[in-house]
Number of protein chains: 2
Amino acid sequence: MFDKEKHIHNKRIHAERLSLRIEQLAMIGKTDRNGVTRLPLTEEDDKAQQLVGEWMKQAGMKVRRDDFGNLIGRREGSDPDATAIMIGSHIDSVPNGGKFDGTVGVISGIEIVQAIHDANVSHKHPIEVIAFSDEEGARFSDGLFGSRGICGYLTDKELAVIDVEGISRKEAMEQFGLSTEKMANSVRNATDVRAYLEIHIEQGPYLQAMNQPVGLVTCIAGSYVLRITLRGEAGHAGTVPMPMRRDSMMGAAEAMVAIEKLCGHDAKLPTVGTVGTLEIFPGASNVIPSEVSFTLDIRDSDDERLHKLITDVEVVLADISLRRGLEYHIEQLLSESPVEPSHKLMEQLRSSADKHGMILPELISGAGHDAMIMASITEMAMLFVRCKDGISHNPKEWADAEDIAIGVSILCDTVLKLSNE
Amino acid sequence: MFDKEKHIHNKRIHAERLSLRIEQLAMIGKTDRNGVTRLPLTEEDDKAQQLVGEWMKQAGMKVRRDDFGNLIGRREGSDPDATAIMIGSHIDSVPNGGKFDGTVGVISGIEIVQAIHDANVSHKHPIEVIAFSDEEGARFSDGLFGSRGICGYLTDKELAVIDVEGISRKEAMEQFGLSTEKMANSVRNATDVRAYLEIHIEQGPYLQAMNQPVGLVTCIAGSYVLRITLRGEAGHAGTVPMPMRRDSMMGAAEAMVAIEKLCGHDAKLPTVGTVGTLEIFPGASNVIPSEVSFTLDIRDSDDERLHKLITDVEVVLADISLRRGLEYHIEQLLSESPVEPSHKLMEQLRSSADKHGMILPELISGAGHDAMIMASITEMAMLFVRCKDGISHNPKEWADAEDIAIGVSILCDTVLKLSNE
């Protein structure tokens, strides 16, 4: 039996083209330090969308920009009423970020459609490739803007958010040629999207450690961000004896050590905890700090374990505060429950991998992705591609084109299956 | 035998006047939050010096401002060639500080001269009361400016230091009517200063705990300020597993817990350690910090113990860095060795206290004082007055006028002894 997909792979998936396009895209917003700065709704973003739009057209897609600033290429299928198979990711970056984060998913999607186009394969469902606007949230607060947009989660408040130069998102969107009044027209739902698929670099070390090029995401971790504040009493650094201090910094340090233990006590669990920001008051070298406030970002694939962890953190804080004469306060800045991909799609991806003689290792995504949002309106699945030393958001970010091509081949098979169901 | 000093005390040391003057001085620079902000070389500083100068004149002193901005009152003795007995402290404050820090020492000095003046007691040595300029260092960097000035330690570099409004110390001094070219004329030395005596609030909790109004300072603690930097590797808060992190914040937290133990392991020792400032890079809630930098202020009465402590801190940092894959760096920002008061003056103060039926408890000063600097050119001794709950640099700072009066009486006896030797 002639295997259509294998034929496409052998003849049409070009690792060289993937690699070349990744490098070409990285020239837009290239930084002095060999990184990429491509913030959303900027000139660089526009240039990048122009280039990606050209590639979409070459793959036989009709290209448009929706009212959230998402770039969408669409190749119609044989059934004009069928729901779309969507492949996507993003092409915006963090400041001085890498070439692969997001771009791999968009370029891979185009590569799949290009292969289908070149092989002139028929498909019933339309296939769309989407480059979501502002996934990273590096210019305005939050992120995942484009995916939250098409899933109907945006509020007017988010349009008022300003960047460091005082430009509101609404102004930036209008300068980008978008009409914020028309945003509602760009909202999608299950009646027109059949499935969402995304390839992304792992941004973690597991695939490299397992010596595997591609893995299947079985969960996108839930994420909670807490702001923890400890209040004690300011005092002269020279005159208050150690046992009489109510030192908020030392209390915070003790809490962090305990929190690190709570998150890391079982190396087999995917729980992670990060203190990424800290403020100290009054902030003089010769004054015992009266108040310390820090953020704690905790993530896990298991929502119950996350809730238990938050409780355990509170127990730690209560104990430390009692012993040290401090007061503690916990504010929840963000809460995202874990998201599971569609079991059916995961099974399909496993089966597609099997055709390539591969058993996909299973991974949890510690980072959030547009796929997590898309899961709220349609079936979703994700593949991860091995990335060097797990480094991301960094000019050193690297993924081999051969690894990406393997992911593209697997996904191409799945897309063909889904688009003919 | 008629006891001249006892007579003066009974008749002439007025707790009410001390109290009234402390309140009057606190009106200059009074803040909304019931504190005092009297930064050096400001209009408030000038007003305060005017008021204090008036009190000095009432006590029969000749008043001048030296070229460092110190206010000096001098009552001549019978021997025009005799060296001066100097009593002093400062009248500048930290922002929103208390009424007692420094002011007690200056007002007490005037009270002693006033009592001598009122009783018309003769003395051979001249007696000076000095209000040092910029002890706190709250406007320009460093502090102890006036005492370092008259002891000959100032450099031109310090005149270039600017305040938050961009005014250099040199400009501020000139606006205050001082001539920075003439500063050398105001330097003092052992040939004209016989002794320096200071009363200061304890700014610590010991006298209150011992239920004693006044104590004898047997050491001004040495003080080292280190800037400790830990460098690891930035990473995505969601994707780097706990065991693979090189998290500089968690390393710093572990170091602080260990440092707190090193400083506080023996509650009988006066060792203290404070982390008062901390910076975290890059400083985003979802990024593992690559670098954390914090100050460590450590103090002890024993220089050898301080050096051992610094070594122990370095061992802790080396161990943590090795285990966590971090790099550490220690920069020494300040080093002041402990200073011992004159044994002869301490003996005299004990003997003066004995006359009042008191045995002076002995204390270490954790804070630095002008007395510490004055010890480099003359014999020095200090008394501490009980202060409520050890609170200082705070509007809640409080000392009872009765306690201060006891200190004044003891010091008055010692001044009379010294001024007739």
Side-chain angles (χ1 to χ4, degrees), chain A residues 202-206 221 223 225 227 233-245 247 249-250 252-257 260 263-264 267 270-278 280 282-289 292 294-297 299 333-334 365-368 390-394, chain B residues 202-206 221 223 225 227 233-245 247 249-250 252-257 260 263-264 267 270-278 280 282-289 292 294-297 299 333-334 365-368 390-394:
Chain A
E202 182 196 347
Q203 303 182 286
Y206 290 109
S223 154
V225 180
R227 187 191 304 288
E233 187 159 64
H236 193 297
T239 62
V240 187
M242 295 305 279
M244 297 183 68
R245 295 183 171 210
D247 184 334
M249 184 66 242
M250 290 302 182
E254 191 186 344
M256 284 180 221
V257 169
E260 191 189 32
C263 295
T271 321
V272 286
T274 307
V275 173
T277 76
L278 186 144
I280 186 165
S285 66
N286 61 351
V287 180
I288 300 164
V292 166
F294 61 90
T295 52
L296 174 62
D297 176 314
R299 306 190 189 204
L333 302 181
L334 178 84
S365 172
I391 294 168
S392 185
H393 286 193
N394 190 311
Chain B
E202 182 196 345
Q203 305 182 285
Y206 292 109
S223 153
V225 180
R227 187 192 303 289
E233 187 159 66
H236 193 299
T239 62
V240 187
M242 297 304 279
M244 297 183 70
R245 295 182 172 213
D247 184 333
M249 184 66 242
M250 290 303 182
E254 191 186 345
M256 285 180 221
V257 169
E260 191 188 33
C263 296
T271 323
V272 286
T274 306
V275 173
T277 75
L278 186 143
I280 186 167
S285 65
N286 61 350
V287 180
I288 301 164
V292 166
F294 60 91
T295 52
L296 174 63
D297 177 314
R299 306 191 190 204
L333 302 180
L334 179 83
S365 173
I391 293 168
S392 184
H393 286 191
N394 190 310

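Chain letters run A, B, ... following the sequence lines, proteins first, then strands; residues in each count from 1. Keep in mind that this is a model prediction, so the values were computed, not measured.
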Do H393(A) and V287(B) touch side chain to side chain, with heavy atoms closer than 4.5 Å? no
Would a 4.5 Å heavy-atom cut-off, applied to side chains only, mark V275(A) and M250(B) as touching? yes
Side chain from CB out, backbone as N, CA, C, O: work out which of these in [X] comes under 4.5 Å of a heavy atom of chain A, or both, or neither.
{"X": "S285(B)", "result": "both"}
{"X": "Y206(B)", "result": "side chain"}
{"X": "P241(B)", "result": "both"}

Using the side-chain contact (heavy atoms from CB on, under 4.5 Å) rule, take R299(A) and N286(B) through it: C-alpha gap first, then chi angles, then the decisive distance, then the call. CA-CA 10 Å; R299(A) 306 190 189 204; N286(B) 61 350; 3.7 Å; yes
Please identify, among [options], the residue contributing the most non-hydrogen atom pairs under 4.5 Å to chain A.
{"options": "A255(B), A267(B), S365(B), G276(B)", "answer": "G276(B)"}
{"options": "G368(B), P243(B), G390(B), G273(B)", "answer": "G273(B)"}
{"options": "I288(B), V225(B), L278(B)", "answer": "L278(B)"}
{"options": "P282(B), P205(B), A221(B)", "answer": "P205(B)"}
{"options": "M256(B), E233(B), R227(B)", "answer": "M256(B)"}

With chain B as the partner, which of G204(A), P289(A), A237(A), G264(A) has the greatest number of non-hydrogen pairs under 4.5 Å? A237(A)
Which of the residues T295(A), V272(A), D247(A) is involved in the greatest number of heavy-atom pairs with chain B at under 4.5 angstrom? V272(A)
Return the [atom1] to [atom2] distance between [X] and [Y], rounded to the nearest 0.5 Å.
{"X": "T277(A)", "Y": "M249(B)", "atom1": "OG1", "atom2": "CE", "result": "10.0 Å"}
{"X": "C263(A)", "Y": "R245(B)", "atom1": "SG", "atom2": "CZ", "result": "8.0 Å"}
{"X": "N394(A)", "Y": "H236(B)", "atom1": "CG", "atom2": "NE2", "result": "12.5 Å"}

Measure [X] against the heavy atoms of chain B and call it side chain, backbone, both or neither at under 4.5 Å.
{"X": "I280(A)", "result": "side chain"}
{"X": "E202(A)", "result": "backbone"}
{"X": "M244(A)", "result": "side chain"}
{"X": "A284(A)", "result": "backbone"}

Return the set of residues passing salt bridge (charged side-chain N to carboxylate O under 4.0 Å, His left out) with E254(B) (not counting sequence neighbours), or none when no residue passes. R323(B), R324(B)
side-chain hydrogen bond (donor to acceptor under 3.5 Å, both in side chains) filter on Q203(A), not counting sequence neighbours, yields D101(A), S392(A)
